[in-house]
> 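One structure, pasted below without further comment.
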Amino acid sequence: LGWLIGIQPPPIPNPGEQGNRPPDQPGLWAFGSQSTYILPNPMYTHGSNLPAFIYMADRWKPAERSFGTYVWLPLFIDPANTSRVQVTWQAAWRLDNVTSPFARPDVR
C-alpha cells in the first residue's frame, strides 16, 4: 500500500530563511509568479532575435477576489552561452516583435 500514498514535498522556506539565497527568493525574479510551463514560440526561427520560448506562470493570491492570474512573458536564451536565460517583463507584447536582450545588431 505504500505506493498508494502520496509523498508530501518539503515546504518551501519563507523568503530570507535558510534554503533561499537572495536573489533566488521565490517570486522576486519571477515577477511574483511560479512557472507552470515553458512553451516554444511558434514565431521563432533559428538565429532570430525573437524569444525562443514563452515563460508561462501563475500567481496565487487567495486573499484577492481574482486570486489566480496568469503571466506569459518572453524567455530568451543567450546563443553565445546557453546557460544564460532571461525572462523580461513586458506589460504587453507579441510573439513576433520582442527583441532579445542578447541580440546582435546584425541579426533580425
Side-chain angles (χ1 to χ4, degrees):
L1 283 175
W3 58 272
L4 292 175
I5 299 171
I7 297 173
Q8 179 66 33
I12 297 173
N14 290 323
E17 290 182 1
Q18 187 172 354
N20 288 322
R21 299 178 324 270
D24 297 330
Q25 295 177 2
L28 292 182
W29 66 271
F31 310 104
S33 67
Q34 59 185 9
S35 173
T36 55
Y37 193 71
I38 303 299
L39 180 70
N41 180 353
M43 302 300 291
Y44 175 79
T45 56
H46 181 73
S48 77
N49 285 328
L50 294 175
F53 299 97
I54 302 162
Y55 169 81
M56 299 174 69
D58 55 38
R59 291 182 178 137
W60 289 97
K61 296 181 181 179
E64 295 181 14
R65 185 172 181 204
S66 176
F67 69 89
T69 58
Y70 299 102
V71 176
W72 289 28
L73 293 169
L75 185 148
F76 298 97
I77 299 173
D78 184 349
N81 179 357
T82 56
S83 67
R84 291 184 60 202
V85 175
Q86 186 171 346
V87 175
T88 58
W89 175 256
Q90 307 283 323
W93 64 285
R94 293 177 18 170
L95 297 174
D96 63 350
N97 76 346
V98 179
T99 302
S100 171
F102 307 117
R104 295 186 346 239
D106 60 329
V107 177
R108 287 187 166 201

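The chain is numbered in sequence order, starting from 1.
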> What distance do Phe76 atom CZ and Thr99 atom OG1 have between them, rounded to the nearest 0.5 Å?
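One finds 7.0 Å between CZ of Phe76 and OG1 of Thr99.
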> Working to the nearest 0.5 Å, report the span between CD of Gln90 and CZ of Phe31.
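CZ of Phe31 is found 9.0 Å from CD of Gln90.
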> Any idea which heavy atoms bring Ser33 and Val71 closest together, and the distance?
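Looking at all heavy atoms of both residues, the closest pair is CB-CG2, 3.9 Å.
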> Are there more than 12 heavy atoms of other residues, nucleotides or ligands under 6.0 Å from atom CH2 of Trp93?
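Buried by this count: over 12 neighbours within 6.0 Å.
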> If you look at every heavy atom in Leu75 and Val85, which pair is closest and at what distance?
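Smallest heavy-atom distance, with atoms named: CD2-CG1, 3.6 Å.
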> Going by the salt bridge (charged side-chain N to carboxylate O under 4.0 Å, His left out) test, which pairs reach into residues 69-79, not counting sequence neighbours?
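The answer is Asp78-Arg84.
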> Search all heavy atoms of Leu50 against all heavy atoms of Leu95 and return the closest pair with its distance.
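Scanning both residues, the minimum pair turns out to be CD2-O, 3.9 Å.
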> Hey, could you give me the OG1/OH distance between Thr36 and Tyr70, rounded to the nearest 0.5 Å?
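That separation rounds to 8.0 Å.
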> Run the salt bridge (charged side-chain N to carboxylate O under 4.0 Å, His left out) test against Asp58 and tell me which residues pass, sequence neighbours left out.
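Not a single residue meets the salt bridge (charged side-chain N to carboxylate O under 4.0 Å, His left out) criterion with Asp58.
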> Output every pair passing salt bridge (charged side-chain N to carboxylate O under 4.0 Å, His left out) with a member in residues 34-53, not counting sequence neighbours, ordered by first then second residue.
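The answer is none; no pair qualifies.
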> Would you give the length of the straight line joining atom CD of Gln86 to atom CG of Leu73, rounded to the nearest 0.5 angstrom?
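Taking CD in Gln86 and CG in Leu73, the distance rounds to 11.5 Å.
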> Rounded at 0.5 Å granularity, tell me how far OH in Tyr37 sits from CZ in Phe53.
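If I round to the nearest 0.5 Å, the distance is 10.0 Å.
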> State the CE-CG distance between Met43 and Asn97, to the nearest 0.5 angstrom.
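The distance works out to 9.5 Å.
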